[in-house]
Number of protein chains: 2
Amino acid sequence: MPRAGLSPSSVVDAALAVIDERGAEALTLAAVAARTGVAAPSLYKHVGSLADLRVGVGVRIMDELTGRLGTAALGRSGDDAVTALMHECRAYVMQHPARYAAMPVDPLHNKELAAAGGRLLGVFLAVLRGYGMTETDAVHATRCLRAVVHGFATIQAAGGFGLPEDLDETYHRLVAMYVASLPRPERS
Amino acid sequence: MPRAGLSPSSVVDAALAVIDERGAEALTLAAVAARTGVAAPSLYKHVGSLADLRVGVGVRIMDELTGRLGTAALGRSGDDAVTALMHECRAYVMQHPARYAAMPVDPLHNKELAAAGGRLLGVFLAVLRGYGMTETDAVHATRCLRAVVHGFATIQAAGGFGLPEDLDETYHRLVAMYVASLPRPERS
DNA sequence: ACCAAAAGGCTAATGTCATTAGCCATCCCT
DNA sequence: AGGGATGGCTAATGACATTAGCCTTTTGGT
């Protein structure tokens with residue numbers, strides 16, 4: 001009975017692989033167990049439950065996205081930064097559609113997910129801060145941004161749009177619409 | 001062994017009741033069977049499978065929404081009509097959050113769902129037609145509208161926003177942002 | 001090096017669910 | 001009355017999550 005060398009983190013790795021290969025709904029302890037070469041109950045030594053694993057996966061995905069967004073926004077500000085963030089979001093979704101679909105929509109119901117969501121939100125808030133909005137306006141602007149990006153991403157990740165050829169154009173218009181709704185950024 | 005008087009439609013009714021009471025994830029043949037006072041396998045006399053039932057539920061929900069939107073848009077045109085549609089969408093989601101969550105995001109993968117989706121889309125297209133856009137522009141505008149409404153609705157239905165008190169305000173801003181992105185409607 | 005305990009695997013068992021097969025009662029039409 | 005369609009039922013199967021209890025490997029302290 002040699003050890004498989006698993007850890008909570010490597011189980012999440014395997015879960016992500018399952019999601020990437022077979023879709024978000026295919027995430028099952030049995031599938032992860034098969035992929036890690038272990039019996040299903042053994043996974044309970046590393047994760048509390050399937051729901052738990054989903055949380056871990058969600059955190060991992062959100063943090064991955066947060067990292068990419070941070071990089072994308074580096075050295076930019078104002079409309080430029082907002083545009084970069086929105087396009088990076090879409091790039092992520094196109095690259096990992098199943099991961100995006102696996103992201104929980106209700107991160108607030110779990111402490112770890114809420115924390116990861118907060119980190120993600122932080123990137124957006126940091127960029128919007130440059131517009132010199134009031135706190136209230138920034139909250140509304142962030143929510144709108146989230147709705148726009150999430151709506152488009154969800155529909156696209158699920159293959160909910162028909163003609164896929166000019167989706168880029170649609171997204172550009174969506175980004176332009178959002179950017180146009182922001183106040184002109186403060187000039188230094 | 002008295003008859004229960006079920007029909008495909010009444011099974012969908014029961015499914016909607018389950019969804020309303022216990023959430024979209026709680027839709028299970030066992031739950032529907034319990035609610036209709038019938039053994040689970042008996043449901044197969046009326047629906048082909050759980051996936052089938054989900055399709056029926058999705059169609060019902062989309063058509064219900066389509067009906068409400070049609071009514072909301074009656075006698076209106078241009079920005080007024082778009083605003084009314086968007087607010088009616090949100091009103092529906094607030095009234096039946098679980099139903100909205102039960103709506104499939106990928107209606108294209110099924111003929112019946114695609115048809116219902118087409119009917120829903122028709123209402124939006126009809127309203128946008130008044131703006132005298134090219135066909136291409138109308139497609140982009142519809143997609144953007146869908147992304148905006150769906151994004152907000154999804155997040156709200158899942159309880160994904162924090163402070164719920166000024167969500168109305170956020171949505172108003174979102175609607176205003178969208179309306180502002182449309183060309184000025186043609187005057188008669 | 002030793003040894004106890006912690007850690008990580010395993011098999012067996014349970015419960016929930018969808019789904020299929022095969023049986024029987026009820027209903028409707030003639 | 002009677003025969004087929006219709007709609008229920010029970011029993012069985014198979015996927016899955018989860019729990020319990022066992023056994024081996026690893027590891028930390030001496």
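Below, read A as the first sequence line, B as the second, and so on, with proteins coming before strands; counting in each chain starts at 1.
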query = What residue pairs, at least two apart or across chains, pass side chain to side chain donor-acceptor pair (under 3.5 Å) with a residue in residues 30-50 of chain A?
reply = A/E21-A/R35
ask   = Do any pairs count as a ring-ring contact (aromatic ring centres under 6.0 Å, His included) and have a residue in residues 50-92 of chain B, sequence neighbours left out, and if so which ones?
value = B/H87-B/Y171, B/H87-B/H172, B/Y92-B/H96
ask   = So which of B/I61, B/L121, B/V123 actually passes side-chain contact (heavy atoms from CB on, under 4.5 Å) with B/T66?
value = B/V123
inquiry  = Holding to side chain to side chain contact (heavy atoms under 4.5 Å, CB included), I want the full list of residues that pass it with B/T71, two or more places apart in sequence or in another chain.
reply    = none
task = Check each residue of residues 10-34 of chain A for a non-hydrogen atom within less than 4.0 Å of any atom in DNA chain C, then write out the ones that pass by number, or none.
result = none
request  = Enumerate the residues from residues 35-50 of chain A whose closest heavy atom to DNA chain C is under 4.0 Å, giving them by residue number; use none for an empty result.
outcome  = A/V38, A/A39, A/P41, A/S42, A/K45, A/H46
request  = Sort and list the pairs that fulfil salt bridge (Lys or Arg N to Asp or Glu O under 4.0 Å) and have at least one residue in residues 63-78 of chain A, not counting sequence neighbours.
outcome  = A/D63-A/R119, A/E64-A/R99, A/R68-A/E88, A/R76-A/D80
message = Test of understanding: with side chain to side chain contact (heavy atoms under 4.5 Å, CB included), list the residues that count as partners of A/A15, not counting sequence neighbours.
response = A/L27, A/V32, A/L53, A/V57
Less than 3.5 Å apart, which donor and acceptor atoms pair up between the side chains of residues 108-115 of chain B and the rest of the protein, not counting sequence neighbours?
residue	atom	partner	partner atom	Å
B/H109	ND1	B/D106	OD2	3.1
B/N110	OD1	B/E112	N	2.9
B/N110	OD1	B/L113	N	2.9

request  = Could I get the full list of side-chain hydrogen bond (donor to acceptor under 3.5 Å, both in side chains) partners for A/R146, not counting sequence neighbours?
outcome  = none
Between C/dC27 (P) and B/L6 (CG): distance, integer Å = 14 Å
key: Listed partners of B/R22 passing side-chain hydrogen bond (donor to acceptor under 3.5 Å, both in side chains), at least two apart   = none
Atom pairs under 3.5 Å, N or O on each side, protein against nucleotides 14-16 of chain C: can you list them with distances?
none

key: Listed partners of B/R54 passing side-chain hydrogen bond (donor to acceptor under 3.5 Å, both in side chains), at least two apart   = none
